[in-house]
Protein chains: 4
Amino acid sequence: MRKIPKQKRSREMVERLLEATAATLAERGLEDTTTNHIADTAGVSIGSLYQYFPDKEALLDALMERISDKISSSFREHATKLEYVNFDLKTVANYLILYGIDAIKTDPLAQEIINSWNSLPLEKLLDPLEKFFLSMAQPYFVHHYQDYPIQHLEGKLYVLINSTLFTVVRYLQSEPNTTMSERKLAHILSDMIVALLAPQP
Amino acid sequence: MRKIPKQKRSREMVERLLEATAATLAERGLEDTTTNHIADTAGVSIGSLYQYFPDKEALLDALMERISDKISSSFREHATKLEYVNFDLKTVANYLILYGIDAIKTDPLAQEIINSWNSLPLEKLLDPLEKFFLSMAQPYFVHHYQDYPIQHLEGKLYVLINSTLFTVVRYLQSEPNTTMSERKLAHILSDMIVALLAPQP
Amino acid sequence: MRKIPKQKRSREMVERLLEATAATLAERGLEDTTTNHIADTAGVSIGSLYQYFPDKEALLDALMERISDKISSSFREHATKLEYVNFDLKTVANYLILYGIDAIKTDPLAQEIINSWNSLPLEKLLDPLEKFFLSMAQPYFVHHYQDYPIQHLEGKLYVLINSTLFTVVRYLQSEPNTTMSERKLAHILSDMIVALLAPQP
Amino acid sequence: MRKIPKQKRSREMVERLLEATAATLAERGLEDTTTNHIADTAGVSIGSLYQYFPDKEALLDALMERISDKISSSFREHATKLEYVNFDLKTVANYLILYGIDAIKTDPLAQEIINSWNSLPLEKLLDPLEKFFLSMAQPYFVHHYQDYPIQHLEGKLYVLINSTLFTVVRYLQSEPNTTMSERKLAHILSDMIVALLAPQP
DNA sequence: CATGAATGAGTATTCATTCAT
DNA sequence: AATGAATGAATACTCATTCAT
């Protein structure tokens, strides 16, 4: 009976710290973010921070996972709302890529992550994201191409997801200098996805 | 007549420092690489290091560029030897990807770079590489598909190059845990390349 | 109730660090005084030093101010004990100058300051001292020469205070080589003071 | 026969180095002046610099002496042109002080010296200057007050010269914040000089 | 559990000076 | 005598982490 409130408090604390980390990162940039800044922003003592996270790395790792979750559910929501199952692959892919680009450009934290991917534990963000997109893509395929060979599918999706994610990241990193438009990028990427997955029979 | 040996010396020093940087990086990992370590490894005083590079960042940047060059020429050589122009796209792509993977796995420095891409100025490596592959791909296309629409080509190559590079990098980062074989990865990637570039007419 | 001990601790720390600075300065000379030396001498970690002073300069500045305070109160005490208001200007000036010289020669820190005025933020010492002597002189004048024109007074005091301070400092710097006795110096200086301030009516 | 050109070259070199030091000091400020900067400015190798001056200190010392000489001759010239012997003490003192202030404010090097007197071997400048003013004042007194007691004179001049020099320096250091005008300062200082030296009989 | 004062290892960089050529 | 490449000691300051209260 005592444990539940404790866990709740604990969860709230973790929450608070992660939000503080996100906020500090977005405001000051990774370079200028210290554990003490984070504790301050969270309105918590530095000692407490270390009660909940063994070290800075763990904090960053947890944040990346959390962001991964947010992105996932945001995508899921959107895709569901869109009733994506009813559209053809090209349309869905194109739409989701554009949505993703927009989401990143809107969020200062996402911005900072993209700019400091050097120095952030990006795997912690990408690994779950990879799994998520896999889990999202599979039902789609079950629906549209019932007899699609699953083993092949997994490998192809692995490749496509990473390809798309990184190309978008890199595009956004060097954006001001690039001539390609977002629309064109999305177009090519979704073409690529379709081309690899759904070759004309 | 006197100046040439000077320039030579200077070049040698730069060379030596870059090699020392590479070695230190490969041995101690980026985390534990200090400018003093590098100078030591180069058998040179720390003061000299700073005579040739304004700061640590410049050293790392230069190293990345140098590696990019090495990779480029290594690929070019290989591709030329292979007379790649005579082979179909699928074969060339597949071969070069496998060659690249092997090259990375053979080179401890490449290994370290892949593992610490966090913290390394990866753009300095990727930007030229991107250009290089573009320059390598274009003649191939001129030869094989004379009537290929060039504007599309550039965008597609941009996407494919980044997609391939990153997917390979990511594959190698998480390799021990992955079930996919290198051959399969290469296969899928080259499929993807062909699918996007050379749709069956 | 809890905060007072904290503030006390803080004050003690500042105290300790300033004393350590003074001691290190006196012992090793400014040239050879590092922040780490100071922290060591204070029996405190270098990190703590920087928790209380933003940088070395601030430490030195604070020390100068502190010394200025010490000198001021020492003078004030002495002058009060002496009931200087009851004596004529020449006597008071002469006495205080001799007292100052003696105080400096007795204090190894003062010695070091005089020898390394190069490299010390002397203004931080002189500005308040100037003000102090001004504040000390004015009541005296109000008392002795009620109808003394105040505006003139301020300018003259500014000149006299700086003149006296510096001449004494310079005298002490080059003392071993000088033939003039302290008494003579004090005599001339007090003569000068009287001559400028209190011309025979 | 060979030695004379050598000495000449040597002299020129010293000259050049001192001028380079002065220029570098004036342009970059003491803080940012390195021996290498100086050698560069002089158009001479750093090795040569050390052929003529054992270390940086010696260079600075020499510069201070040289400046002292310049100031002396500049004053002497001016005073002579003015036929100062024919004027009364107050006028001469007042004029020379104003001239000095102006000379300093006109010369960027003088400016820098005043601002970095911390860190410069000021004694090297002041000692000769003190002697110079002494030597300049004595004939004046011989002329005007033949029966002036010489021993007293020396002590008084010592005090007055230092007083005046420092008060002016300090005034110029804190000038922007001061309300007193240059004229007033000169006025008080010359009053002080007259008051101490030439009491109304 | 919370606090936050204290810790101290760790590091990039400067610059006066030397000495082989 | 001149050169200038090479030297390397020396130092201020940061920040993740601990632990006594």
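Just so it is clear: chains get the letters A, B, ... in the order the sequence lines come, proteins before strands, and each one is counted from 1.
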Looking for any heavy atom pair under 4.0 Å, which part of the strands does A:Y52 touch: base, sugar-phosphate only, or nothing?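 Answer is sugar-phosphate: A:Y52 comes under 4.0 Å of backbone atoms only.
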Nearest-nucleotide 5' precedence on DNA chain E, B:P54 against C:L49: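 On the 5' side of the pair lies C:L49.
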5′-ward residue of the pair B:D55/A:G43 relative to DNA chain E: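 Looking at the nearest nucleotide for each, A:G43 comes out on the 5' side.
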Kindly say whether D:N177 contributes a backbone atom to a donor-acceptor pair with the side chain of D:S174 at under 3.5 angstrom?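 Flag not set: sc D:S174 to bb D:N177 has no pair under 3.5 Å.
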Expressed in angstrom and rounded to an integer, what is the separation of [X] atom [atom1] from [N] atom [atom2]?
| X | N | atom1 | atom2 | value |
| --- | --- | --- | --- | --- |
| D:Y50 | E:dT18 | OH | P | 7 Å |
| A:L59 | F:dT17 | CG | P | 10 Å |
| A:M13 | E:dT3 | CE | C1' | 11 Å |
| C:I46 | F:dA12 | CD1 | P | 8 Å |
| C:R11 | E:dA5 | CZ | C1' | 17 Å |
| A:K56 | F:dC15 | NZ | P | 8 Å |

Mind checking the C1' distance from F:dT21 to E:dC1? Whole angstroms is fine.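 So the two C1' atoms sit 13 Å from each other.
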Could you identify which residues of residues 27-40 of chain C place a heavy atom less than 4.0 Å from some atom of DNA chain E, listed by residue number, or say none?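 Nucleic-acid contacts, sorted: none.
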What's the separation between atom OG1 in A:T41 and atom CG in A:L25, rounded to the nearest 0.5 Å?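 It is 10.5 Å, given to the nearest 0.5 Å.
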Side chains of B:T35 and B:Y50, heavy atoms from C-beta outward: is any pair under 4.5 Å?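 Of all side-chain heavy-atom pairs linking B:Y50 with B:T35, at least one is under 4.5 Å.
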